Each structure stands twice: as structure tokens, then as C-alpha cells.
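To start, the structure under review is shown below, and the notes come after it.
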Amino acid sequence: MEFLHFVRRALVAQFNGPPPRDEFVRHALDAGVGSLPLLTLLTIFAGMNLSVQAYGTFVRFGGQDLLGLFCGVGGIRELYPVMAAVICGARIGATLAASLANMQISEQVEALEVMAVDPMRLLVAPRLWAVTLMLPLLCGYADVVGLAASYWAATEQMGVNGGTFMEQVRDIVHLGDLAAGVFKGVVFGWLVAIVSCYHGYRALKRDGAEGVGVATNRAIVHSAVLCIVLNMFLSALLYVR
Amino acid sequence: MAEQQPAITLEKVCKSFGPNRVLHEVSLTLPAGKIMVMLGPSGTGKSVLLRCLVGLMKPDSGRIFIEGQDITGLDERRSAGREQMFALRRKFGMLFQDGALFDDMCVGDNVAFPLRQHAKLSEREIAARVAEDLERVGLKNAQRKMPAELSGGMRKRVAFARAIALRPKIVLCDEPSSGLDPVMSATLDELILDLHRTLGMTFVVISHDTAEARKIADYVGLLYKGELQAFGLKDEVLRSNQRAINQFFERSTEGPIQVL
């Protein structure tokens with residue numbers, strides 16, 4: 001109930017006019033640009049690994065030419081959006097939860113209330129907008145980087161024909177799949193932001209520094225679990241005919 | 001001429017957290033433009049009282065009037081109630097115990113924050129007000145410093161400048177002298193007296209410090225175990241010879257106030 005009440009207040013704050021610009025830009029840059037190095041590094045290795053594992057299996061029955069198909073379906077439809085959500089979600093969620101929890105325990109949120117400034121509007125709404133808009137971009141970015149890494153590993157390391165690989169990708173991955181990935185990113189982004197803000201916001205002064213740690217931990221764990229579980233339902237909704 | 005409304009009126013205010021009774025039938029009236037010092041040992045409900053005054057906590061029963069307006073009926077879950085509460089809070093400035101400065105803003109921006117939110121002033125006018133208030137608290141050269149770079153006393157003074165930036169009618173101070181050296185405490189006391197004289201603000205000061213109460217208070221209250229043991233004009237309270245008051249002002253272990 002407490003969470004639903006928070007969600008209701010957050011939605012009212014989020015859609016009650018544009019978010020404070022400076023706060024939005026700051027969080028968008030942190031969530032988006034700040035996540036790029038980590039996401040790039042991990043997606044490159046995940047993409048290469050996808051090729052390596054698939055090749056090891058497919059080559060047994062002479063199906064190595066299907067590598068592009070597998071990397072397209074498995075990567076773009078499933079792996080990269082979830083990876084972006086979990087990796088960036090952990091990073092972004094930890095930052096959001098820790099910053100809000102710290103503001104709670106040091107009475108900064110109460111200070112806003114006393115100054116007749118709505119903390120949901122000033123603190124939560126820009127964070128929600130920033131992460132909801134940045135995560136789909138990160139998902140798209142992860143698609144490109146991951147696929148490029150799979151392609152490189154397939155062609156340079158395992159000798160798969162590049163033309164065949166890309167043909168398979170084009171056959172299986174359509175614009176709708178990319179749009180679905182972006183849609184998943186929007187859903188994951190909002191989910192990561194609301195869960196993290198919730199845990200940060202409900203920290204209490206009496207919890208002290210430990211409260212910040214607990215809020216951060218819960219934000220990371222709950223965001224990751226929810227994204228992975230929700231991904232299955234979204235995939236069923238988007239791809240099962 | 002119409003009689004001026006009291007700044008604050010409490011009628012039998014009660015507040016509990018589970019079985020823990022924090023405030024029990026606290027009633028008092030503080031006229032506008034006066035300084036009240038609420039004394040009491042730690043953990044006796046002084047800060048809860050302050051939070052109730054500004055609507056951060058809701059009493060379980062009883063009523064609170066701010067300049068004649070009953071705030072206990074305001075329902076912040078409804079947008080109209082929240083608007084009314086925000087309008088009411090603009091009458092207040094509050095100095096939090098640890099300052100509650102915004103970590104990601106420099107000193108100047110912290111003081112300017114309420115002005116940018118509520119005052120219809122140009123950036124130039126805001127800058128002038130910030131400079132004036134920081135000079136008032138002796139920190140005119142600290143505008144660009146971040147809160148993390150400040151000492152405890154400096155943080156409190158910046159928080160004080162922020163609390164008075166909008167020239168509120170009522171300023172609430174939660175233990176302004178705790179953790180400060182005597183000279184810094186005296187400086188803050190002088191500041192409160194100066195603002196009271198020059199701007200006619202009403203002050204509610206939560207404190208353990210009897211010297212501070214003697215120096216700045218018009219009205220003194222003593223809160224112990226959630227009950228108001230004494231309240232009234234300072235001289236009357238000090239002359240009243242109540243045991244709790246005597247014990248507190250004489251720093252004695254003998255008396256009705258026990259170590260919790």
C-alpha cells in the first residue's frame with residue numbers, strides 16, 4: 001500500500017508540468033552518459049560470448065551459418081535490453097536511492113517541505129523522467145554494440161561469413177524488434193527509477209548511514225528482479241503469437 | 001483596532017508513537033513578535049512539537065492554530081489541503097538541528113533557494129538579499145563554498161540565513177546552540193535578538209540551554225515526558241518556584257526530572 005501511495009504521488013508529480021530543467025539534465029546526463037563506459041564494456045563481452053557459445057553448439061550439426069539469426073533474436077530481442085536494464089539499473093538505481101536516502105536522513109527533504117516546495121516534484125519527477133528517457137536509448141546503444149561484438153567474434157574468430165551473418169540478422173530482426181527493445185527500455189527505466197526513488201525516499205533519519213546502505217541495496221536487488229521477471233511477460237506479450 | 005492574533009496557539013495537543021506518549025495535552029499561546037524558548041531534556045518531545053507546528057507531523061488529538069488558522073484539519077493527501085499547508089508554511093522559516101543544507105548547492109544557492117522558489121525577485125535582487133543575509137550571519141565571504149567545506153557552526157549560520165531569507169513571520173529553531181562553542185552560541189543568540197528587534201519576527205527556540213533562555217526568551221516553557229511542566233513569561237516562570245523549573249535552571253539532579 002505504501003508503495004502504491006508513493007507511485008500515485010510520483011505520477012501526479014511527474015505529469016504535473018515539465019520537470020525542473022537543471023535537475024532533469026543533471027540526472028539524464030548521469031544516467032545516460034555516465035552509464036556508457038560500463039555498458040559498452042560489458043555488452044562487448046556479452047556479444048562476443050553469445051557468438052562463441054552459439055558457434056560451439058551450432059557447429060555440431062553444421063548450423064554455424066545460423067549464428068546471425070541466433071545473435072539477432074537472442075541479443076536484440078532479449079539479452080541486450082535486459083542487460084542494459086540490469087547493469088544500468090543497478091548503477092542508476094544505486095545513485096538515485098543513495099542520494100534520496102541521504103537527503104532524507106540529513107533532513108533535506110523535510111527542509112523542502114518546510115519551505116513549501118514539493119519534494120516529489122523537485123526530486124522524484126526529474127529522476128523519473130531522466131531514467132525513463134535514457135534507458136531506452138541505452139537499450140538501443142547496447143543492441144548496436146552487442147551485435148557488432150557478436151559480428152566481430154563470429155567473422156574474425158570463428159570464420160563465419162560476414163555477409164551471411166548480417167543476412168540472417170536482417171531476416172530475423174525487424175524494425176518492430178528494435179521498437180520492442182526501446183519499449184522495454186521505457187518500461188524498465190520507469191520501473192528502475194520508481195523502485196529506487198521509493199527505497200531512497202522512505203529512509204528515515206533514525207536509520208542513519210545504515211539506512212542509506214539498506215535503501216541502496218534494496219533498490220538494486222528489487223530493480224534487477226523486477227526487470228528480469230517483467231521481461232518475460234513483456235516478451236510473451238510482444239513476441240508470442 | 002482589531003486585536004492581533006497570537007502567532008501560535010496549541011490546545012490540548014497529543015501525539016504518540018505506538019505506546020510511546022510523546023506529547024500529552026500540551027496547551028499554550030504565544031503572542032506574535034515574541035521569542036519563546038522551549039526547554040526540556042533530550043527525548044521529551046520538543047522536536048516533535050516543532051514538527052507539529054509546521055505540519056510535518058499531525059497530532060493525534062488537539063488543535064494547533066497558526067495566526068488564528070487551524071492547521072490540524074488540513075488534509076495533505078488532498079491537493080487543496082496541501083496547497084493550504086504550503087501557503088501556511090510560507091509563514092515559517094526553520095533552522096534544523098544539523099542545518100539540513102542542500103549538499104549539492106553552494107552556500108549562496110542554499111540561501112537563495114527559498115527566494116527562487118517563492119519570491120518574485122530578479123536574480124540581482126536575490127543576490128543582494130543573499131549577500132545581506134550572509135553578512136548578517138558573518139559569512140559574507142563563504143558564498144561559493146559547499147556545505148561539506150563548512151564547520152558545524154558555519155552550517156548552522158548558513159541554515160539560519162536560509163531560514164530568514166523570505167522574511168518569515170515565525171522562525172522555528174531546533175536546538176540552535178547544540179554542538180556549538182559558547183562564543184558561537186552567543187553569536188547565534190545575538191542574531192535572534194537582532195532579527196527580533198529589526199524585523200519583528202516570532203521565534204520558537206528549542207533548547208537545553210538555560211543561559212540561552214535567560215538571555216533571549218520573552219516566554220519560557222519546560223517540556224518533560226511530553227507534558228508542559230511550565231509555560232509563561234520568562235520572569236514569571238523563573239519566579240514561580242516550580243520544582244522542575246528550579247531543577248532545570250539550577251542544573252540539579254534532585255527533583256522531578258529524572259535521567260531517562
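Note that the coordinates shown come from a computational prediction; the quantities given were computed from them, not determined experimentally. Excluded from the calculations below are hydrogen atoms, water molecules and symmetry mates; all remaining heavy atoms, backbone and side chain alike, are included. Order of the sequence lines sets the chain letters (A, B, ...), proteins ahead of strands, with each chain counted from 1.
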How about the chain A/chain B donor-acceptor pairs under 3.5 Å, what are they, with distances?
from, atom 1, to, atom 2, distance (Å)
A:R26, NH2, B:D104, OD2, 3.0
A:N102, ND2, B:D103, OD2, 3.0
A:E107, OE2, B:R51, NH2, 2.6
A:Q108, OE1, B:D103, N, 3.3
A:Q108, NE2, B:D103, OD2, 3.0
A:E110, OE1, B:R51, NE, 3.1
A:E110, OE1, B:R51, NH2, 2.8
A:E110, OE2, B:R51, NE, 3.4
A:E113, O, B:R89, NH1, 3.2
A:E113, OE1, B:R89, NH1, 2.8
A:E113, OE2, B:R82, NH2, 3.2
A:M115, O, B:H118, NE2, 2.5
A:D118, OD1, B:R82, NH2, 3.4

Cut-off 4.5 Å, heavy atoms of chain A, and the answer for B:L166 is neither
Is it the case that over 12 heavy atoms from other parts of the model lie below 6.0 angstrom from the CZ atom of A:F233? no
Count the heavy atoms belonging to other residues, nucleotides or ligands that lie under 6.0 Å from CZ of A:F45, then report whether that count exceeds 12. no
Indicate the atoms forming the closest heavy-atom contact of [X] with [Y], along with that distance.
X      : Y      : value
A:V117 : B:F113 : CG2-CE2, 4.0 Å
B:F102 : A:L112 : CZ-CD2, 3.5 Å
B:F86  : A:A116 : O-CB, 3.3 Å

Results of side-chain contact (heavy atoms from CB on, under 4.5 Å) for A:V221 - residues two or more places apart only: A:N217, A:V225
